[in-house]
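Data block below; observations after.
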Amino acid sequence: ANEIHFTPDKKLLDYGCGYGGLLYEFWNMPFEGLCGTDISDWIIDYGKKRFPCIADKLHHHDINLLKGEYDFLFLLDVLEHMPEEAVKQALDLARPRECIIARIPVAAREGGKFVLDASNSDPTHLCCHARAWWLDLFRDNGYEFKGDIQRDAIYSSAGVLSGKWKRVEPVMENFAG
């Protein structure tokens, strides 16, 4: 259930892409349908200089990209940097055809600190919650959890939730009037 099949014909959006390192790796495979955005203008400009081959795929923050057509949405180490309302808005706007792949540092219990010291020491972390809170948030926003991801660079641990979510489209009921 949590297998991920990337093929070069798939479109990928990396929301919170930093300088575009992940997109660059996909570009080398080669993938064509790549797009990334980040709130930091500096880091996007740096990425365009570091990886000129994907400069046209890196964008200064644009939440409307979430409304676009793409198969996979990456949310790697980004949700904890957003206020809760912004996280909810992003999940509401997102429409991946395949799934969301997210990696989020978590607290051991709701109301506690992050499990990992590195996560606690980052002053830009705004959203600290337990694994269950994140799972509930995705579910409440129309996503079914398909399982933890255990890959070389993306994996779950006591301090990190890495998973795959698929949007569950609401069923329209037929009301007789």
Side-chain angles (χ1 to χ4, degrees), residues 1-40 43-82 86-106 131 134-157 159-172:
N2 67 349
E3 289 185 27
I4 303 165
H5 301 284
F6 297 116
T7 55
D9 62 317
K10 300 295 184 182
K11 293 183 177 179
L12 314 174
L13 172 60
D14 188 355
Y15 191 79
C17 69
Y19 62 85
L22 179 65
L23 293 177
Y24 178 72
E25 294 302 320
F26 276 109
W27 181 83
N28 279 314
M29 290 184 184
F31 279 72
E32 290 297 320
L34 302 173
C35 184
T37 187
D38 198 280
I39 198 164
S40 169
I43 202 71
I44 289 292
D45 292 340
Y46 172 78
K48 288 180 178 195
K49 290 175 190 160
R50 181 165 179 180
F51 303 124
C53 54
I54 62 167
D56 64 325
K57 300 175 186 320
L58 299 174
H59 305 276
H60 296 113
H61 185 247
D62 184 355
I63 195 166
N64 291 315
L65 290 171
L66 291 169
K67 298 178 191 176
E69 291 189 15
Y70 49 90
D71 299 294
F72 295 97
L73 171 60
F74 289 92
L75 298 170
L76 304 178
D77 303 308
V78 66
L79 298 179
E80 68 275 12
H81 295 276
M82 299 166 59
V87 172
K88 292 174 186 176
Q89 180 185 22
L91 292 177
D92 184 54
L93 291 174
R95 292 291 185 270
R97 287 186 288 251
E98 298 272 339
C99 68
I100 290 177
I101 299 164
R103 179 175 58 210
I104 313 159
V106 296
R131 175 185 173 96
W134 287 105
L135 292 172
D136 289 346
L137 178 72
F138 273 85
R139 185 200 62 233
D140 293 347
N141 282 276
Y143 292 90
E144 180 181 359
F145 183 62
K146 295 305 218 176
D148 288 293
I149 296 174
Q150 300 295 345
R151 299 258 174 133
D152 291 341
I154 302 174
Y155 55 89
S156 285
S157 68
V160 178
L161 169 59
S162 293
K164 174 181 169 182
W165 286 264
K166 187 154 183 76
R167 183 171 272 289
V168 179
E169 293 300 326
V171 177
M172 300 302 292

Non-hydrogen atoms of [X] and [Y] that approach each other most closely:
X: Asp62; Y: Thr37; answer: N-OG1, 3.0 Å
X: Leu58; Y: Cys17; answer: CD2-SG, 4.0 Å
X: Arg167; Y: Asn141; answer: NH1-O, 3.6 Å
X: Val160; Y: Val106; answer: N-CG2, 3.9 Å
X: Arg103; Y: Glu80; answer: O-OE1, 4.2 Å
X: Lys57; Y: Trp27; answer: CE-CD1, 4.2 Å

Expected output: side-chain [X] to main-chain [Y] donor-acceptor under 3.5 Å:
X: Asp38; Y: Gly18; answer: yes
X: Lys164; Y: Ile100; answer: no
X: Ser156; Y: Leu161; answer: no
X: Tyr143; Y: Leu91; answer: yes
X: Ser162; Y: Ile149; answer: no

Contacts of Phe72 that satisfy ring pair (Phe, Tyr, Trp, His ring centres under 6.0 Å) - sequence neighbours left out: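 Residues passing ring pair (Phe, Tyr, Trp, His ring centres under 6.0 Å) with Phe72: Phe6.
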For the atom pair [atom1] ([X]) and [atom2] ([Y]), what is the distance rounded to the nearest 0.5 Å?
X: Tyr24; Y: Phe31; atom1: OH; atom2: CZ; answer: 15.5 Å
X: Leu13; Y: Leu23; atom1: CG; atom2: CG; answer: 8.5 Å
X: Ser40; Y: Tyr19; atom1: OG; atom2: OH; answer: 13.0 Å
X: Leu73; Y: Glu98; atom1: CG; atom2: CD; answer: 12.5 Å
X: Asp140; Y: Asp92; atom1: CG; atom2: CG; answer: 12.5 Å

Within 6.0 Å of CG in Leu22, more than 12 heavy atoms from elsewhere: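 Buried by this count: over 12 neighbours within 6.0 Å.
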Residue pair Asp14 / Phe26, side-chain heavy-atom distance below 4.5 Å: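 No; the side chains remain at least 4.5 Å from each other.
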Residue pair Arg151 / Ile101, side-chain heavy-atom distance below 4.5 Å: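 They are not in side-chain contact.
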Exercise: do Asp9 and Thr7 side chains pair donor with acceptor under 3.5 Å: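 On atom types as modelled, these side chains qualify, holding a pair under 3.5 Å.
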Short N-O contact, Lys11 and Asp71, less than 4.0 angstrom: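 Salt bridge: no.
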Pair Asp45 + Lys48: basic N to acidic O under 4.0 Å: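 Salt bridge: no.
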Full working for ring-ring contact (aromatic ring centres under 6.0 Å, His included) between Tyr15 and His61: CA-CA 9 Å; Tyr15 191 79; His61 185 247; 5.8 Å; yes
Mutual orientation of the aromatic rings belonging to Trp165 and Phe138 [parallel < 30°, tilted 30-60°, perpendicular > 60°]: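 Judged by the thresholds at 30° and 60°, the geometry between Trp165 and Phe138 is parallel.
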